[in-house]
Amino acid sequence: MPELPEVETIRRQLREAGVNGRVIETVHVEWPRTVDPLSPAVFRKQVAGCTIERLSRHGKWLIFELDGENNLLVHLRMTGGFYLSQGTLKKGPHDRAILQLSGGLNLHFRDPRKFGRMRLGAFPNGLGPDAMEIGPRQFFQTLEKTNRGLKALLLDQSFIAGVGNIYADEALFEARLHPERRAGTLSEDEKLALYHAVTQVIQAGVRNGGTSLGDGQGNYTDLNGNSGGHGERVKVYGRAGQPCVVCGNPLSQTKVTQRTTVFCAHCQK
DNA sequence: GAAGACCTGCTA
DNA sequence: TAGCAGGTCTTC
């Protein structure tokens with residue numbers, strides 16, 4: 001569930017909570033595959049005793065910059081999230097890993113579907129420029145190298161890092177471009193519209209503290225268990241059959257690259 | 001590309 | 001009970 005804005009919200013909240021500067025004293029791994037390919041024992045050994053110097057992010061990866069050789073790289077995948085507790089450790093039902101930090105702060109990595117991953121490394125591999133930082137030139141260059149469908153391209157993290165299913169649909173709607181439109185057919189104006197749409201949608205998501213939809217179990221909540229405020233601003237995702245906010249025609253739903261895709265067949269060409 | 005794998009829990 | 005989910009990997 002979490003895309004760039006949700007990860008960024010969590011990063012900011014972790015920083016505000018004073019996680020950086022603390023020593024990781026004890027590491028608990030409750031679901032071994034969370035730390036794959038390392039064994040829990042090796043992972044614990046490598047992480048325990050390190051200081052969290054800074055928290056950064058690239059795309060959907062949260063980066064705990066450590067004082068050792070490695071950084072702790074975390075991907076929340078579909079249902080991952082963090083919460084904090086203080087004092088005596090009480091494990092929650094979906095906790096997959098817990099870092100006990102200096103000062104009695106416990107950082108719980110919660111992940112009902114167990115897809116989330118914690119890795120050790122300098123930096124996550126295979127990512128293109130971050131969606132909050134990509135410039136128009138860079139965006140255009142990559143766009144011009146391919147003739148793939150636009151939705152598939154936006155979801156490709158090696159093209160642009162951080163866009164997921166919700167924000168891809170929202171960006172394509174804002175740009176008035178059909179999700180299966182081929183990159184090679186875009187006019188200069190359309191390329192620019194897409195660039196602005198992607199950056200605007202992502203930035204709006206960050207400003208509003210991320211997107212939560214419905215109240216399902218896997219739904220995104222921030223560090224404090226609160227829903228993101230962007231859900232009510234979503235114009236197409238999850239609104240199939242409802243009227244387009246621009247033209248009033250019902251929104252269409254299809255599958256593109258095996259992902260649910262909602263768009264306005266009238267407005268998006 | 002497409003399809004399956006990885007997983008659980010909610011909704012219809 | 002079947003179907004679906006905000007993500008990525010691997011294997012055709």
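Residue numbers begin at 1 in each chain, while the letters A, B, ... track the order of the sequences.
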[N] phosphate, OP1 or OP2: any side-chain N/O from [X] under 4.0 angstrom?
X: A/H94; N: B/dC7; value: no
X: A/K60; N: C/dG7; value: yes
X: A/R259; N: C/dG7; value: yes
X: A/H75; N: C/dT8; value: yes
X: A/R77; N: C/dA5; value: no
X: A/K114; N: B/dA5; value: no
X: A/Q157; N: C/dG7; value: no
X: A/Y237; N: C/dG6; value: yes

Does the ring of A/F115 carry A/R117 above it, NZ/CZ under 6.0 angstrom from centre and within 45° of its axis?
->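 Judged by the rule, A/R117 and A/F115 form no cation-pi pair.
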Measure up the A/F109 and A/F82 rings against each other and bin them: parallel (under 30°), tilted (30 to 60°), perpendicular (over 60°).
->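 Plane angle between 30° and 60°, so tilted.
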Closest non-hydrogen atom pair, A/T146 against A/A183 =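 Closest approach of A/T146 to A/A183, heavy atoms only: O-CB, 3.6 Å.
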Could you check whether A/E6 gets within reach of a base, just the sugar-phosphate, or nothing at all, counting any heavy atom under 4.0 Å?
->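 No contact at all - A/E6 keeps every heavy atom at 4.0 Å or more from the nucleic acid.
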Contact class for A/R117 (heavy atom, under 4.0 Å): base, sugar-phosphate, or nothing?
->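 Nothing: the residue A/R117, judged by heavy atoms under 4.0 Å, touches no strand.
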In this structure, are over 12 heavy atoms from other groups packed under 6.0 Å from A/H28 atom NE2?
->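 Correct, the count exceeds 12.
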